[in-house]
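Structure first, then comments.
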Amino acid sequence: MTADYLTLNRTGDKMPIRGFGCWKIDTKDAEETIYQAIKTGYRLFDGACDYGNEVEVGRGIRKAIDEGLVKREDLFIVTKLWNTFHSKNHVRAAFDRQLKDSGLEYFDLYLIHFPVPLHYVSPADNYPPGWYVGDAKSIAFERSPIHECWAELEKLVDAKLTRNIGIANFNCQAILDLLTYARIKPAVLQIELHPYLPQERLVKWVREQDIHITAYSSFGPTSYVDLTDSGKSYTSLLEHADVKSVAEKHSVSAGQVLLRWALDREFAVIPKSVHSGRMESNLDIMNIKFDAEDNKTLDSLKTNQRFNDPMTYGFNLPLFD
Ligand code: NAD
């Protein structure tokens, strides 16, 4: 049995270990999906400016609160600053827009989505702006240092607009640098983690810095089938014979095996499903217990294949090298 939450540094907030991801939830479905997810028992929601559905996600949260299903303080709402808003002149306005869109008074955790400062795009021109400015075919960097961006996030904590701050897709070098000046340490690092890409060395070091870890893309290539060649060509973890054999042995689904794999490493997980059955089963992972043979089978899947790699989206940014 694993604890159902991770205790965050500084605030001691209890972050639910089983959450719900909001990427790729269509705006027309998002309100109802989030409402149903709360009904099913999810308490952590992982959003982002970039997902383009913060208004609708917020409506789902509001509906559940208004109906008395939960109180705001029962929920743990995470969202992320997009790359085009890293400048010290733009963080606060970007955050304010997200908070207003969500209809909330505070977030529980605000993450820098990528350590990649991109040229500013006015929300009046394009929102969410994505990776490219206008019709450009390549990305345009902005001379905006992460230390200035982080100081703006720290001010959001001071103003009690977000309880915790953190980072996503940062590697060891970027975190090491951030820790040299951070007045408020990151509470969480959110990264891609699954049996193909367990990133044990990074995980161990990050833990030693008292930073908790959220695993995204627990099912490996599944979310990237429509996006990248590697997503298309790589064997799905959900269909992998070894994952399926462990699933059959424990009378659970392959998805549950992959989520339990993450919980065993004390990662929080944030799967998304708009289907009620999967929504339920993705939450029902607390009592699965692997033996040494299962762990050996799952460990043998490691190939270090990464699917959320900007290089494979068609622009030259070897972010994780
Ligand atoms: P996911 O966990 O949502 O899974 C991908 C797809 O698998 C889903 O679209 C769904 O159709 C399917 N699925 C869900 N449960 C299933 C089950 N039990 N059996 C079979 N299929 C199932 O993967 P993801 O979207 O890559 O990641 C989850 C969340 O992580 C996102 O919603 C987002 O919040 C976050 N995320 C963050 C980053 C980042 O850069 N910080 C990147 C990717 C994802």
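Just so you know, ligand 1 is whichever comes first in the structure, and atom 1 is the first atom listed for that ligand.
Contact annotation for C22 and ligand 1: only backbone heavy atoms (N, CA, C, O) come within less than 4.0 Å of the ligand. If you look at Q256 next to ligand 1, there are no close heavy atoms at all, none under 4.0 Å. Under 4.0 angstrom from ligand 1, the non-hydrogen atoms of H113 all belong to its side chain. Contacts between T222 and ligand 1, counted as non-hydrogen atom pairs separated by less than 4.0 Å, involve the side chain only. Residue L238 touches ligand 1 through its side chain alone, judged by heavy-atom distances below 4.0 Å.
Protein heavy atom in closest approach to atom 18 (N) of ligand 1: N282 OD1, 2.9 Å. The closest protein non-hydrogen atom to atom 40 (O) of ligand 1 is N169 ND2, 2.8 Å. The protein heavy atom nearest to atom 14 (C) of ligand 1 is K272 O, 3.1 Å. Looking at atom 27 (O) of ligand 1, its nearest protein heavy atom turns out to be S217 N, 3.4 Å.
Looking at F85, W131, F170 one by one, the single match for ring pair (Phe, Tyr, Trp, His ring centres under 6.0 Å) with F114 turns out to be W131.
With respect to the salt-bridge test (charged N to carboxylate O, under 4.0 angstrom), the residues K204 and E208 qualify. The existence of a salt bridge linking D96 and R92 is confirmed by a sub-4.0 Å separation between a basic side-chain nitrogen and an acidic carboxylate oxygen.
In summary, the atoms of ligand 1 found under 4.0 Å from a heavy atom of K80, numbered by their order in the structure, are 41 (N).
Residue H240 holds its NE2 atom at 16.0 Å from CZ of F219, rounded to the nearest 0.5 Å. Taking NZ of K80 as the start and CG of D50 as the end, the distance is 9.0 Å to the nearest 0.5 Å.
Listed for the Q190 side chain is no donor-acceptor partner under 3.5 Å among the backbone atoms of Y216.
Residue nearest to atom 13 (N) of ligand 1, selected from Y224, F219, Y51, F20: F219 (by heavy-atom distance). Taking each of F45, Y216, F114 in turn, the one with a heavy atom nearest to atom 44 (C) of ligand 1 proves to be Y216. Taking only non-hydrogen atoms, the option from T214, I270, I112 nearest to atom 29 (C) of ligand 1 is I270.
The side-chain heavy atoms of F95 and F107, taken from C-beta on, include a pair separated by under 4.5 Å. For the pair I65/V70, a side-chain contact is recorded, criterion being any heavy-atom separation below 4.5 Å from C-beta on.
Contact analysis leaves M279 out of contact with ligand 1, as no non-hydrogen atom separation drops below 4.0 angstrom.
A tilted orientation is assigned to the rings of W23 and Y224, their planes being inclined by 30° to 60°.
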